[in-house]
2 protein chains.
Amino acid sequence: MHKLDESLLAGIPPFRKLERAQIREILDAAQALRFDGGVAVFSEGMPVERFFLLLDGHIRVVRTTPGGEQIIALHISPGQLFGIGAAIGRTTYPATAMTADDCVALAWPNRLWPVFVENYEGFATETYKVVGERVGEMNNRIVEMATQQVEQRIANAILRLVTQTGRKVEGGIEIGMPITRQNLSDMTGSTLHTVSRLLSGWERDGIVLSERRKITVTAPHRLVMLSGAAG
Amino acid sequence: MHKLDESLLAGIPPFRKLERAQIREILDAAQALRFDGGVAVFSEGMPVERFFLLLDGHIRVVRTTPGGEQIIALHISPGQLFGIGAAIGRTTYPATAMTADDCVALAWPNRLWPVFVENYEGFATETYKVVGERVGEMNNRIVEMATQQVEQRIANAILRLVTQTGRKVEGGIEIGMPITRQNLSDMTGSTLHTVSRLLSGWERDGIVLSERRKITVTAPHRLVMLSGAAG
DNA sequence: CGAAGCTTTGACCTTGATCAATACGAGTGG
DNA sequence: CCACTCGTATTGATCAAGGTCAAAGCTTCG
């Protein structure tokens, strides 16, 4: 295994305030992992043994109901910590982490969590800020689900994906990870049929372009209108 | 102002591991507050200046949409910390805290948060455990909203209230705080009409008893069945 | 080429929202 | 004490959003 480069952690919030030497220590304690697309990094209910940092690829955090339906709780982009149950006193993972495409991640054993918190100034604060953001996002989802129509929820889901993973391409902004109608319906508590119908409509109206597992937003402002952001 | 008694904080998780003298310090730094029912302790968007511990009464954590609809994100029972945005790096409150009935709370200025974390062993860990529980609860709500029918969501909402605030009375378990049809609809993203119809039906079937702003569950097991806990 | 996964589209039906009317209880002021 | 009002609750009638059922087409891949 080759040595990991220190620049990997340079810009990432929890590590931002650290010395070069400290980052070296952290990297030396890390295990680097590769995953194919569509596999589980960890599963709901498993004991929390490690925490992760996603370096490349995209991860869907998924919960499954007793009835077998699944809903996507969260997406993780490169540079984000995930599986941080340790930070909030969980002993088992509350959800499953599925890779959406090929992924590279670092992993540390759980027992290092308190060590990092103890030794690295700002690590705890920055991490809890991330937790805070996710709580905020979850809160928004709850409000959305409770008050908005399916069309608005789907518009919001797409906008969220765009801001999190979007990249500019000719003619619009493309979502940087593979995404199916089914995925979108799992994010919004809807059905793939409804999502398909809506996307077809939007494509007819020139708001999006979509191919198999790919969506490009050509008129973001109009999507924002549709999302019900109180025009 | 009379001195606060140390027993107040005795059994409360974040303070559980502390010495008597430490509890004294904490209490001396606290401000005791009284609120009538139906008022805001703090409001969405306000800067986070204090954190609170609810001693008596009940609090609804509420978010309001641009369109004026409101949804209830969380209920706080006596003994719980709330308004702890400081813990997760928030600078403004993400929601409004409304008293459901008359309340008594302690408040500390925000700058004491890091002091508590620093000086009192276990304070941080226990608090983050609380955060973790709330995150879990929010997650469940999202899944519920995405996959369940209104009837199941309302059953679940009532069951949650029962476990959080229920007290045994003759003939069943009574929810320990005032709760209207409208409140229930705000918790489930439904309407007071639908809630009323369902409760009427349940009352006819002998599952609940309800008066004005009061609900008593007479057949909890049947409510659990209805809640869709995979029978 | 067949199979599996993704997408589209039409027809139909159920859930629960909306509209509307009424009633009841509790607090307030005359 | 009564009239008024406001917040709460009930119930019926109607309607539409979106789920379900069904069928078929298109890609990609082994």
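Just so we're on the same page: letters track the sequence lines, and every chain starts at 1. Everything numeric here is computed off the predicted structure, so don't read it as measured data.
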Quick one: do the A:Arg63 and B:Asn140 side chains pair a donor with an acceptor below 3.5 Å? yes
When you compare the side chain of B:Met46 with that of B:Tyr93, does any pair of heavy atoms fall below 4.5 Å?
yes
Within residues 141-161 of chain B, those residues having any heavy atom closer than 4.0 Å to DNA chain C are B:Gln149, B:Val150
Could you tell me whether the side chains of B:Asn110 and B:Arg50 share a donor-acceptor contact shorter than 3.5 Å?
no
**Asked** So, is A:Thr194 near the phosphate of D:dG19, with a side-chain N or O under 4.0 Å from OP1 or OP2?
**Response** yes
Any salt bridge linking B:Lys214 with B:Glu211? Criterion: basic side-chain nitrogen under 4.0 Å from a carboxylate oxygen.
yes
Min and max contacting nt of DNA chain C in 5' to 3' order, chain A heavy atoms within under 4.0 angstrom, are C:dG5 to C:dA11
**Request:** Answer yes if the ring centres of A:Phe52 and A:Phe42 are under 6.0 angstrom apart, and no otherwise.
**Result:** yes
Practice problem: Answer yes when B:Arg160 and B:Glu144 have at least one side-chain N-carboxylate O distance shorter than 4.0 Å, and no when they do not. | Solution: yes
Has A:Ser190 got a side-chain N or O lying under 4.0 Å from the OP1 or OP2 atom of D:dG19? yes
**Prompt:** Does any donor-acceptor pair link the side chain of B:Arg181 with the base of D:dT11 at a separation under 3.5 Å?
**Reply:** no
When the rotation axes relating C1' atoms of four end pairs to the next four are compared across the helix from C:dC1-D:dG30 to C:dG30-D:dC1, five pairs an end, they differ to 10° by 30°
Is it the case that the base of D:dG7 and the side chain of B:Arg212 share a donor-acceptor contact (distance under 3.5 Å, atom types as modelled)? yes
For this session: Would you classify B:Leu192 as touching base, sugar-phosphate or nothing, given that sugar-phosphate means primed atoms plus P, OP1 and OP2, and contacts are heavy atoms under 4.0 Å?
Result: nothing
Given the options A:Leu9, A:Ile84, A:Leu81, A:Pro14 meets side chain to side chain contact (heavy atoms under 4.5 Å, CB included) only with A:Leu81
Next item on the list: For A:Arg213, answer base if it contacts any base atom (sugar-phosphate contacts may also be present), sugar-phosphate if it contacts only those atoms, and nothing otherwise; contact means non-hydrogen atoms under 4.0 Å.
Entry: sugar-phosphate
Closest non-hydrogen atoms of B:Leu226 and B:Ile207, given as atom of the first, atom of the second and distance, are CD1-CD1, 3.9 Å
In whole angstroms, the gap separating C1' of D:dT20 from CZ of A:Arg197 amounts to 10 Å
| said: Whether the B:Arg181 and B:Thr194 side chains hold a donor-acceptor pair (N or O, under 3.5 Å, no angle test) is what I'd like checked. | reply: no
Looking only at the side chains, is there a donor atom on one of B:Asp186 and B:Gln182 sitting less than 3.5 Å from an acceptor on the other?
yes
Between the CZ atom in B:Arg167 and the CE atom in B:Met177, the distance rounded to the nearest 0.5 Å is 11.0 Å
Atom CD of A:Glu69 and atom C1' of D:dG19 are separated, to the nearest Å, by 12 Å
When B:His193 and A:Ser196 are each assigned the nearest nucleotide of DNA chain C, the 5'-most assignment goes to A:Ser196
